[in-house]
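Read through the structure below, which is laid out as structure tokens, and then see the notes.
Computed from heavy atoms alone, side chains included, the values below leave out hydrogens, waters and symmetry copies.
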Amino acid sequence: MSSIDLESISEATSGAIGAILSTTILYPLDTCKAKFQAEVRSHASQKYRKLSDVLWEAVSTGQIVSLYQGLGTKNLQSFIAQFVYFYGYSYFKRLYQIKYNTKSIGTKANLLLAASAGACTAIITQPLDTASSRMQTSAFGRSKGLRAMLTEGSWSEVFDGLGISLLLTSNPAIQYTVFDQLKQKLLDGKLKKIGNGSSPESLSAFSAFLLGAISKSIATVLTYPAIRCKVMIQAADSSDDEIKGNKKKPRKTISSVLAAIWKQEGIFGFFKGLQAQILKTVLSSALLLMIKEKITATTWVLVLAVRSYVVGTQGRLKVSLKR
């Protein structure tokens with residue numbers, strides 16, 4: 001195995017572990033946010049006037065546990081997505097550095113590398129992303145399992161929202177580019193203070209949290225209208241619609257969702273739930289990056305240990321075969 005592969009795997013594993021922990025910690029908030037974003041009605045007929053209304057519904061109906069509906073699928077999707085993303089981003093970055101014989105990467109190149117990794121991630125994890133969104137936005141206590149979610153419609157329906165997901169690759173691209181640039185400037189500043197000594201290997205937990213929050217806030221504000229459209233396209237049909245009958249509803253498209261938001265909520269509807277989105281994504285991404293920064297060194301040691309074990313095992317097998 002090459003050093004490139006080992007370092008990429010270490011980065012990917014650290015990111016995936018961070019994703020699972022941050023997703024689990026913030027999942028009730030994520031569920032409330034998703035249900036709040038998915039509803040599109042005129043102000044007078046809105047079921048949820050504010051984010052806390054979703055939480056109160058779960059509490060008042062005795063369905064607090066349902067705030068975790070779809071957690072297993074979401075964690076699986078988060079683990080795969082973050083592993084693929086961090087592996088792809090780290091791998092593409094190192095290939096770029098080797099090809100152009102440079103350690104520094106400009107902003108434009110960083111955006112391109114991050115967007116490429118994001119596109120690969122979106123395509124691979126789209127079915128799980130769609131299923132987890134449908135589980136979260138289902139009526140409390142009525143969420144179906146992963147298999148049912150993936151098989152209840154046509155195979156193409158599990159890729160609902162793929163176009164917007166590809167568009168939203170700009171979100172993590174912006175986030176991680178801003179984070180990397182701010183991190184590098186911060187570490188360079190620390191290096192100048194300590195002179196020619198060894199460079200600090202990682203950020204402090206607080207610095208990583210702060211830079212993660214800033215970078216994700218910028219990315220979220222710039223891409224929020226597309227984020228809400230994606231949630232609405234992937235959302236499960238409301239219980240009210242199911243009660244009206246079994247008539248198959250037309251498939252949601254970007255144009256139909258945009259038209260519905262404009263008609264029912266006006267221009268401000270495109271930013272409905274922005275505060276909740278920023279709160280959730282900033283906390284989630286900041287926690288992810290903070291955890292990743294603190295476990296990267298440990299993960300690297302584990303990867304090296306696994307490689308040494310595999311190499312040693314292969315060597316013993318070759319010796320035994322020769323005998």
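Linking Ile, Leu, Val, Met, Phe, Trp and Tyr residues whenever their side-chain heavy atoms come within less than 4.5 Å places V257 and F270 in a single cluster. I267 and M232 fall within the same hydrophobic cluster, defined by Ile, Leu, Val, Met, Phe, Trp and Tyr side-chain heavy atoms under 4.5 Å apart, directly or through other members. Transitive grouping of hydrophobic side chains (ILVMFWY, heavy atoms separated by less than 4.5 Å) keeps F159 and V231 in distinct clusters. Under the 4.5 Å side-chain heavy-atom criterion for ILVMFWY residues, a single connected hydrophobic cluster contains both I261 and I254. No continuous path of hydrophobic side-chain contacts links Y100 to L112 [ILVMFWY only; heavy atoms under 4.5 Å].
The number of heavy atoms from other shown groups lying within 6.0 Å of CZ (R49) is above 12.
The closest donor-acceptor contact from the side chain of K252 to the backbone of A235 lies under 3.5 Å. No donor-acceptor pair closer than 3.5 Å links the side chain of T24 to the backbone N or O of L21. In this structure, T137 contributes its side chain and A236 its backbone to a donor-acceptor pair below 3.5 Å. Between the side chain of S90 and the main chain of Y87, no donor-acceptor pair closer than 3.5 Å is present. Although no hydrogens or angles enter the test, the distance criterion places a donor-acceptor pair under 3.5 Å between the side chain of E39 and the main chain of K47. When atom types are taken as modelled, the side chain of T31 and the backbone of L67 share a donor-acceptor pair closer than 3.5 angstrom. Remark: side-chain polar atoms of S66 are paired, donor with acceptor, to backbone N or O of G141 under 3.5 angstrom.
Classified by interplanar angle (parallel below 30°, tilted 30° to 60°, perpendicular above 60°), the ring pair Y68/Y27 is parallel. Aromatic ring pairs are classed by plane angle as parallel below 30°, tilted from 30° to 60° and perpendicular above 60°; the pair F79 and F83 is parallel.
A cation-pi geometry, defined here as NZ or CZ lying under 6.0 Å from the six-membered ring centre and within 45° of its normal, holds between K35 and F140.
Checked by atom type, the side-chain pair Q126/S165 shows a donor-acceptor distance below 3.5 Å. Judged purely by distance below 3.5 Å, without hydrogens or angles, the side chains of D180 and Q184 never pair a donor atom with an acceptor atom.
Taking the side chain as every heavy atom from C-beta outward, Q234 and I164 never approach each other to under 4.5 Å. Here the side chains of I227 and L274 are not in contact, with every heavy-atom distance at 4.5 Å or above. Between K263 and V40 the shortest side-chain heavy-atom distance does not fall below 4.5 Å. Contact of the L162 side chain with the L166 side chain is registered, since non-hydrogen atoms from C-beta on lie closer than 4.5 Å. Between Q181 and V178, the closest side-chain pair of non-hydrogen atoms is not below 4.5 Å. Looking at heavy atoms from C-beta onward, Q37 lies in side-chain contact with Y224 at the 4.5 angstrom threshold. Side-chain contact between Q277 and R228 is absent, with no heavy-atom pair separated by less than 4.5 Å. Residues V84 and T125 have side chains not in contact (no heavy-atom distance under 4.5 Å, counting atoms from C-beta outward).
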Please assess K33 against D30 for the test salt bridge (Lys or Arg N to Asp or Glu O under 4.0 Å), listing each intermediate value before the final yes or no. CA-CA 5 Å; K33 174 196 69 68; D30 191 33; 3.6 Å; yes
Kindly indicate, with the supporting measurements, whether the criterion salt bridge (Lys or Arg N to Asp or Glu O under 4.0 Å) is fulfilled by D53 and K50. CA-CA 6 Å; D53 290 342; K50 51 187 181 296; 3.6 Å; yes
So Q63 and Q69, side-chain contact (heavy atoms from CB on, under 4.5 Å) or not? Walk me through it. CA-CA 10 Å; Q63 296 288 343; Q69 58 190 25; over 6 Å; no
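For K144 against A148, the heavy-atom pair with the smallest separation is CB-CB, 3.9 Å. Taking both residues in full, the closest heavy atoms of T169 and A119 are given as CG2-N, 3.4 Å, listed atom of the first, atom of the second, then distance. In plain terms, the two heavy atoms of A117 and Y89 that are nearest each other are CB-N, 3.5 Å. Minimum interatomic distance between N75 and I20 (heavy atoms only, all atoms of both residues): OD1-O, 3.5 Å. S170 approaches T223 most closely through the heavy-atom pair OG-CG2, 3.7 Å. Q136 approaches A34 most closely through the heavy-atom pair OE1-CB, 4.1 Å.
Atom SG of C229 is separated from atom CG of L168 by 9.5 Å, given to the nearest 0.5 angstrom. Atoms CG and OG1, from L71 and T23 in turn, are 8.0 Å apart once rounded to the nearest 0.5 Å. Summarising the geometry, atom CG belonging to D129 is positioned 13.0 Å from atom CD1 belonging to I124; distances are rounded to the nearest 0.5 Å. A distance of 5.0 Å separates OG of S133 from NZ of K230, quoted to the nearest 0.5 Å. To the nearest 0.5 angstrom, W56 atom CH2 is 10.0 Å from T61 atom OG1. Separation of atoms CG (L55) and CD1 (I64) is listed at 7.5 Å; rounding is to 0.5 Å.
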